[in-house]
Amino acid sequence: MAKGRELTPQSQDFSAWYNEIVQQAELASQSPVRGCMVIRPYGYRIWELMQGALDGMFKATGHQNAYFPLFLPKSALDREAQHFEGFAPETAIVTHAGGVELEEPLVVRPTSEAIIWPILSDWIQSYRDLPVLLNQWANVVRWEMRTRPFLRTTEFLWQEGHTAHASEEEAEEETRRMLGVYRTFMEDWMAMPVITGLKTDSERFAGALRTYACEALMKDNKGLQAGTSHNLGQNFARAFDVRYQTEDGEHEFVWSTSWGVSTRLIGALIMAHGDDAGLILPPKLAPYEVVVVPIWRDDEQREQVFEAGERVRIELEKAGVRVHVDAREGMNPGVKYYDWERRGVPLRLEVGPRDVQAESVMAVRRVTPEGADRKLPLPMEGVGRVLRDMLDAIQEETLAAALARRESATVRGLEDYSEFQRLMETDGGFAFTGWCGDGECEQQVKDDTRSTIRVIPDEEFRSPNAPVRCLCGEPSVYEVVRARAY
RNA sequence: CGGGGAGUAGCUCAGUCCGGCAGAGCACUGGCUUUGGGAGCCAGGGGCCGCGGGUUCAAAUCCCGCCUCCCCGACCA
């Protein structure tokens, strides 16, 4: 990356910055296939850490993992009309296989409802079979017009939860519960604050009754939909004839939900925290929380320094810290510093002859807190505990910083349309405004400003004095969060 | 699909206007010296100049056709 490039809210510079980070931090590289991505080991490790955390949270809420086919029979996708309309334009279709033309084309799944529900309709007979709480870790394909590493790729990795319930209330509860799980993950693990709420009809998942979402704000002040949770009502049950027998012997359609987050979250992580020097990773999702850089002049020092580095590594591992000793030869320490900073490692430990002499190590944080010394000498004795605590503090500080940044880029109570238009043209960010509830008004604002209603926020995010008028001047029915978004 | 830009070494690009030996920096390989914030010297490897045709004694360069990629919009997690 060019030295001294500012990370500005001008999205064009930001775009270039983003692409460079993805390359230089070795997260992903270009694939020979249009819009697909190659996730490199360092980037994939972040995904594995995300998977581990999310999977634990899914299990803790009673879900089980399963796996369903990659291909959907084309006819299955047509079963739910809105679902078909929503996804048909962006599907990839297999027409030939095994050297012959297929009788029925196969659709590479853009999401799995159309294959899961025909199967679950056989699994579900009685109210005793409910609820069904499933999750699948998989890849999906959506042939989008424009792609961007992690944020929008032709093929992406994700998890999709699919559940069936005996009542509408239970399905709604599940939808909200999983939205909450996502929120907790994004705040506690990604250190990324989000606003949760309901999507408007125009942004609702194809075939859903209601779509809820977690909306995050990136450093260029554009919004990002980071996760969604859908209450599908009985739409899919009707389309795929998923019925169960109640205690009274009646036959009822199940109530279903689906929810998902994808490798887009890696993009979110980059854009929520990164700075001019590169990636900034919250410790909980950093492949390495600490990197040890040994420094030496001659063979004798080399031996001493590596011995000390090894002791540090063992002690850190005992304290539950992911640590890596950068033993690369023939490379100046400075090069290694820049390398690991670019890759977002939260803490670096320098171990040189002077430190060995003093029985200490030199700790340097990726982000120096206000008023703190950049370099911090620590006694070797008990360094595991000290660094574990420091990393936990860094995790908290990363979230606090992101939250403060979001709040500084949030405007509330805007009613004047020209003022709103100017805001979207210049600073961007989240704008809490009124909305009359009319879809045409929503579209007009989108055409005028390229901003959209990100979410009708949940109660805790709403303003104490919500605007009484929509941007169009009509009385406001909902307070909404508007922003330009990815 | 509209608007803009680019295809030359692994990467970033110069050379194209005005035709004349295929270039630079970085990266890579080997050697020596270095190592507390992006190391130095020496030696070396690496090319279908996007593809096809034409003009010419001679084409990366001029002409015609085609292809691909990137950026900005419309579509979207």
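All figures in this text were calculated on a predicted structure; none of them were measured in a lab. Chain naming here is simple, since letters A, B, ... match the order of the sequence lines and numbering starts at 1 in each.
- A cation-pi contact links A:R302 to A:W296, judged by a cut-off of 6.0 Å to the six-membered ring centre and 45° from its axis.
- Candidate nucleotides B:rG73, B:rU35, B:rG37 were compared by shortest atom distance to the side chain of A:R374, and B:rG37 ranks first.
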Decide salt bridge (charged side-chain N to carboxylate O under 4.0 Å, His left out) for A:E172 and A:R176; before the verdict, give the C-alpha distance in whole Å, the side-chain angles of both, and the deciding distance to 0.1 Å.
CA-CA 6 Å; A:E172 177 68 11; A:R176 296 289 315 185; 5.3 Å; no
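- Distance A:K446 NZ to B:rG73 C1': 12 Å, rounded to the nearest Å.
- Heavy atoms of A:P89 sit nowhere under 4.0 angstrom from any nucleic acid atom.
- Residue A:T228 is out of contact with every strand shown, counting any heavy-atom pair closer than 4.0 Å.
- One C1' atom belongs to B:rG47, the other to B:rC71, and the distance between them is 28 Å to the nearest Å.
- Using Watson-Crick or G-U wobble geometry with both donor-acceptor distances under 3.5 Å, B:rU35 finds no partner in any strand shown.
- Residue contacts shown for A:R328 are absent, as no nucleic acid heavy atom lies under 4.0 Å away.
- Put simply, CD on A:Q23 is 14 Å from C1' on B:rC69, counting in whole angstrom units.
- Here A:L265 contributes atom CG and A:M192 contributes atom CE; the two are 6.0 Å apart, rounded to the nearest 0.5 Å.
- Under the stacking criterion of a centre-to-centre distance below 5.5 angstrom and an interplanar angle below 30°, A:Y337 is not stacked against the six-membered ring of B:rG37.
- Rounded to a whole angstrom, the distance from the C1' atom of B:rA22 to that of B:rA9 is 10 Å.
- Contact check, A:N332 against B:rA39: a side-chain N or O comes under 4.0 Å of OP1 or OP2.
- One P atom belongs to B:rA27, the other to B:rG40, and the distance between them is 9 Å to the nearest Å.
- Under the Watson-Crick or G-U wobble criterion, with both distances below 3.5 Å, B:rU68 is paired with B:rA6.
- A 3.5 Å limit on both hydrogen-bonding distances identifies no Watson-Crick or G-U partner for B:rC49.
- If you check distances only, the side chain of A:E341 does reach the base of B:rG37 with a donor-acceptor pair under 3.5 Å.
- Here B:rC18 sits opposite no nucleotide as a Watson-Crick or G-U wobble pair (both hydrogen-bonding atom distances under 3.5 Å).
- For the P atoms, the distance linking B:rC42 with B:rG4 amounts to 48 Å, nearest Å.
- Between the CG atom of A:D339 and the C1' atom of B:rA27 there is a distance of 14 Å, given to the nearest Å.
- Comparing B:rU55 with B:rC69, their C1' atoms are spaced 29 Å from each other, to the whole Å.
- Residues passing the side-chain hydrogen bond (donor to acceptor under 3.5 Å, both in side chains) test with A:N235: none are found, sequence neighbours excluded.
- Taken to the nearest 0.5 Å, the NZ atom of A:K199 stands 13.0 Å off from the OG atom of A:S229.
- Residue A:K199 is out of contact with every strand shown, counting any heavy-atom pair closer than 4.0 Å.
- Among the nucleotides B:rG36, B:rG37, B:rA39, the one closest to the side chain of A:P353 is B:rG36.
- In this structure, CD1 of A:I295 is placed 12 Å from P of B:rU35, rounded to the nearest angstrom.
- A:R484 has its CZ atom 12 Å from the C1' atom of B:rG73, to the nearest Å.
- Rounding to the nearest 0.5 Å places CD1 of A:I266 at 9.0 Å from CE of A:M190.
- With both pairing distances under 3.5 Å, B:rC1 is matched to B:rG73 as a Watson-Crick or G-U wobble pair.
- Between B:rC32 and B:rG37, the two P atoms lie 26 Å apart (nearest whole Å).
- By the 4.0 Å N-to-carboxylate-O rule, A:R342 lies too far from A:D275 to be salt-bridged with it.
- At B:rA39, none of the side-chain N or O atoms of A:K336 fall inside 4.0 Å of OP1 or OP2 (strictly under the cut-off).
- Within the 4.0 angstrom heavy-atom criterion, no nucleotide atom of any strand lies near A:T154.
- Within the nucleic acid shown, A:E144 comes within 4.0 Å of at least one base atom, counting heavy atoms only.
- Between the base of B:rG36 and the side chain of A:D355 there is a donor-acceptor pair shorter than 3.5 Å.
- Taking atom P on both nucleotides, B:rG20 is separated from B:rA60 by 9 Å, rounded to a whole Å.
- Across all strands shown, the partner of B:rU12 is B:rA24, judged by Watson-Crick or G-U wobble contacts whose two distances both fall under 3.5 Å.
- Mapped onto RNA chain B by nearest heavy atom, A:N19 and A:E90 fall at different nucleotides, with A:N19 at the one closer to the 5' end.
- Side-chain nitrogen and oxygen atoms of A:R297 include none within less than 4.0 Å of the OP1 or OP2 phosphate oxygen of B:rU34.
- Between the OH atom of A:Y338 and the C1' atom of B:rA39 there is a distance of 13 Å, rounded to whole Å.
- Spacing between B:rC62 and B:rU56 at atom C1', rounded to whole Å, works out to 10 Å.
- As a whole-Å value, the separation of A:F306 CZ from B:rU35 C1' is 12 Å.
- Ring orientation note: the planes of A:Y42 and A:Y288 are tilted relative to one another, at an angle of 30° to 60°.
- The partner of B:rG30 is B:rC42, judged by Watson-Crick or G-U wobble contacts that both fall below 3.5 Å.
- At a threshold of 4.0 angstrom between heavy atoms, the contacts of A:L151 include nucleobase atoms, whether or not backbone atoms are also involved.
- Rounded to an integer number of Å, the gap from CZ of A:F87 to C1' of B:rC75 is 12 Å.
- Within the shown strands, nothing qualifies as a pairing partner of B:rA60 under the Watson-Crick or G-U definition with both distances less than 3.5 Å.
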